[in-house]
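Working notes, structure below.
Note that this is a predicted model, so its numbers are computed, not measured. Each chain gets a letter, A, B and so on, in the order its sequence line appears, and its residues count up from 1.
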Number of protein chains: 2
Amino acid sequence: MHSDSIKVPKFTLKRLPLYYRCLRACLDRNQEYVSSEQIGKAAQVNAVQVRKDLALFGAMGTPGVGYCVADLKAKLEEVLGLNNVNEAVLIGVGRLGRAIIDYPGFERYGLHIVALFDSNPELIGTQVSGRPVFSTQEILHIIRRLQIKVAIITVPAEYAQSIANVLVEAGIRAIWNFAPAVIEVPSHVVLRNEDLAAGLATLFHYLAERNE
Amino acid sequence: MHSDSIKVPKFTLKRLPLYYRCLRACLDRNQEYVSSEQIGKAAQVNAVQVRKDLALFGAMGTPGVGYCVADLKAKLEEVLGLNNVNEAVLIGVGRLGRAIIDYPGFERYGLHIVALFDSNPELIGTQVSGRPVFSTQEILHIIRRLQIKVAIITVPAEYAQSIANVLVEAGIRAIWNFAPAVIEVPSHVVLRNEDLAAGLATLFHYLAERNE
DNA sequence: CCGAGTTTGTAACATTTTTCACATACTATA
DNA sequence: TATAGTATGTGAAAAATGTTACAAACTCGG
């Protein structure tokens, strides 16, 4: 591994995808150059912050003009690792699972969902959005054989932990948990709990603030 | 509005829902007391941080014992405003929209989705998960009549901005945007862009880090 | 009642992140 | 070729966040 030449702070990393989204929008509009101000507005971030973030990995703009959209986009893709394809499996083909399978953007971000798992017998053996659905009983076997390292959990909260245990046993290295449950994994596994409802707290907070 | 007595820092606010989730799990387990260490583990946060966050709004634990789960949960509900019910509408009854309508937790967080909108004639006039689906043409009319202040956008990216414009015109005060698009609203409207793919960046980053 | 073992609350410190201020560099127009 | 306008790059200051360390408070077993 020699990608350590680029060391991006945690907080910058969270903003980069927002910048990236803005760049894509610019490209769609055939806009050739973009200013830090414009990016900042789209990402709800200070313009100086944007410049500093971009400067971190050597993305330079030209004064008086801005950043070249195409170049910057390419640079971001490199830093975010969007060119590396990561194969993943998804467990729980319910509404949330299906929404994620079809969410436009995951593929673009290098996440390639190759297999699905569910416990519903009616689904097992079928295809959902072009991916085969296997029984949850086969998780261990299939993940090991395919050597998958990333898993997405979209099962009901009460099953999340037991699924996670099996995934870890199967050799999964990163878990993206959308189930509204607290799960625990060994320290060598990267866990990201995505709490959709958490965003509500922030939203309501600002809403209440405005109403004063 | 007299909740201004409690002023919670932005970052604390993002962590509180994670603590809350942990408390719910404790309650399900009939656990009476919980330590900051345990909460921290569940929320992937330092224990001292947890104590500091909780101290901010006067939640006190007892040394040697921990925090009373029931009390702390009640306190958090108050701070996060989970007792206030916020009525909301959702635009875009696709997979993502349906996933959100049924996501277990929004109701619990005080978000009450009362009406849906879509442009698909086959959906209009039907009910989805118990909510009526109206035409997107009626957004202005219905939102004004119902006096809804919160809207959730789950339409395809290319329609997000125009939908947002209508919502603003209808008097919406807070928009929660799940569409993978950059949208702009007047400053008096609270906008939260939820980029599901953004979490991937963090996940992959840590994954790469571990692999070194 | 005492002492070992926990766990909180908080002050002091270290680190990170954000903002401010301003010099520098490019474009365009006259 | 000036000159005005715009936008970047970056050092320094400010703010915030996170960590460490430790005294105080509680429980429990003897």
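Between the CG atom of A:Leu18 and the CG atom of A:Leu23 there is a distance of 11.0 Å, given to the nearest 0.5 Å.
Residues A:Phe204 and B:Tyr109 place their aromatic rings such that the two centres sit no closer than 6.0 Å. Ring pair A:Tyr67/A:Tyr19: centre-to-centre distance not below 6.0 Å.
With 3.5 Å as the limit, one finds no donor-acceptor pair spanning the side chains of B:Glu169 and B:Asn165.
Applying the 4.0 Å criterion to OP1 and OP2 of D:dT19, one finds that B:Arg51 has every side-chain N and O outside that range. Contact annotation: B:Asn46 side-chain N/O to D:dT19 OP1/OP2 distance is under 4.0 Å. In this model, the phosphate group of C:dT17 is not approached by any side-chain N or O of A:Gln49 to a distance below 4.0 Å at OP1 or OP2.
The distance between atom CG of A:Leu72 and atom C1' of D:dT8, rounded to the nearest whole Å, is 13 Å. In this structure, B:Gln44 places its CD atom 16 Å from C1' of D:dG18, rounding to the nearest Å. For A:Leu56 and D:dG11, the CG to P distance is 13 Å, given to the nearest whole Å. To the nearest angstrom, P of C:dA25 lies 18 Å from OH of A:Tyr33. Protein atom CD of B:Glu37 is 11 Å distant from nucleotide atom C1' of C:dT6, rounded to whole Å. Per the geometry, NZ belonging to B:Lys52 stands 9 Å off P belonging to C:dA11, to the nearest Å. In this structure, the CZ atom of A:Arg15 is 11 Å from the C1' atom of C:dT16, given to the nearest Å. Rounded to an integer number of Å, the gap from CG of B:Leu13 to P of D:dA16 is 15 Å.
A donor-acceptor contact under 3.5 Å is not formed by the side chain of B:Lys10 with the base of D:dT17.
Side-chain proximity of A:Ala55 to the nucleotides C:dT8, D:dA7, D:dT10 is greatest for D:dT10. Nearest to the side-chain atoms of B:Met60 among the listed nucleotides D:dT8, C:dG9, C:dT7 stands C:dG9. For B:Tyr67, taking side-chain heavy atoms from C-beta onward, the closest of the listed nucleotides D:dG18, C:dT8, D:dT8 is C:dT8.
For the pair A:Phe11 and A:Ser35, nearest-nucleotide mapping onto DNA chain D gives the more 5' position to A:Ser35. Heavy-atom distances to DNA chain D give each of B:Pro9 and B:Val65 a nearest nucleotide, and the one nearer the 5′ end belongs to B:Pro9.
Among the atoms of the strands shown, only primed sugar atoms or phosphate atoms (P, OP1, OP2) are found under 4.0 Å from some heavy atom of B:Ser36. B:Val48 comes within 4.0 angstrom of a nucleotide base, judged by non-hydrogen atoms across all strands.
Below 30°, between 30° and 60°, or above 60°: for A:Phe117 and A:Phe134 the angle between ring planes is between 30° and 60°, a tilted geometry.
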